[in-house]
Every structure is written in C-alpha cells, then in structure tokens.
Amino acid sequence: MNIPNDPIMLMSFLNTQLRDNYPSLSELAQSYGISEDEILQKMEAIGYKYDVDKNQMIRSIV
C-alpha cells in the first residue's frame, strides 16, 4: 500500500495509522518501507511534528 503524497492527507493518514495500528512512528515507517526522517521532513514542511508521548503528529508551536 502506498502512502499519500499530499502533506495534509499524509498527516491524517499517519495519525489514523498511529492511533489504530502502530505503537510508534518508527514501526509505521518500517512497515511501509519508508524513511522516518522523510516523514518527519514532510510534516515539518507543513508545521507538524511527531509527539512520542501522544504517538501522533501535532501542530508545531512557532
């Protein structure tokens, strides 16, 4: 399965997957065969970061 290319759709996809299927971003990335760093860069570009404690992408405070 491919992940969405659109950053906003990707953020929504990631949060759904993290909530329902994966205990961490690293496990999700490994499962989909993608780089965790690449995911983080795409999320940072739209103002989001990964919150380990919440296990979700959250809006960065600027």
Side-chain angles (χ1 to χ4, degrees):
M1 178 177 172
N2 292 327
I3 65 168
N5 286 326
D6 177 78
I8 300 297
M9 294 297 293
L10 177 60
M11 184 269 303
S12 178
F13 170 81
L14 292 170
N15 279 342
T16 299
Q17 291 298 310
L18 290 167
R19 180 191 69 220
D20 296 345
N21 302 312
Y22 296 96
S24 71
L25 181 61
S26 60
E27 287 188 37
L28 184 151
Q30 183 178 5
S31 177
Y32 282 90
I34 54 180
S35 163
E36 187 175 347
D37 288 335
E38 182 179 344
I39 292 171
L40 293 173
Q41 288 175 0
K42 287 181 179 183
M43 292 298 92
E44 286 175 16
I46 61 167
Y48 281 81
K49 65 179 182 178
Y50 178 61
D51 184 303
V52 176
D53 295 329
K54 293 181 179 180
N55 192 36
Q56 67 181 8
M57 295 297 167
I58 61 169
R59 189 86 172 136
S60 297
I61 299 172
V62 180

Calculate, to the nearest 0.5 Å, the distance between atoms [atom1] and [atom2] belonging to [X] and [Y] respectively.
| X | Y | atom1 | atom2 | value |
| --- | --- | --- | --- | --- |
| Lys54 | Arg19 | NZ | CZ | 15.0 Å |
| Ile46 | Gln41 | CD1 | CD | 13.5 Å |
| Ile58 | Tyr50 | CD1 | OH | 11.0 Å |
| Lys49 | Met43 | NZ | CE | 14.5 Å |

Atom pairs and distances, side-chain donor-acceptor, residues 23-30, under 3.5 Å, sequence neighbours left out:
from: Ser24; atom 1: OG; to: Ser26; atom 2: OG; distance (Å): 3.1
from: Ser24; atom 1: OG; to: Glu27; atom 2: N; distance (Å): 3.2

field: Donor-acceptor contact below 3.5 Å, side chain Asn15 vs main chain Met57
entry: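 Yes; at least one donor-acceptor contact below 3.5 Å.
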task: May I have all residue pairs that pass salt bridge (Lys or Arg N to Asp or Glu O under 4.0 Å) and include part of residues 34-43, sequence neighbours excluded?
output: Glu38-Lys42
Shared hydrophobic cluster for Tyr48 and Met9 (ILVMFWY, side-chain gaps under 4.5 Å): no
- line: Closest non-hydrogen atoms of Asp51 and Asp53, given as atom of the first, atom of the second and distance, are OD1-N, 3.0 Å
task: Please assess Gln17 against Ile3 for the test side chain to side chain contact (heavy atoms under 4.5 Å, CB included), listing each intermediate value before the final yes or no.
output: CA-CA 11 Å; Gln17 291 298 310; Ile3 65 168; over 6 Å; no
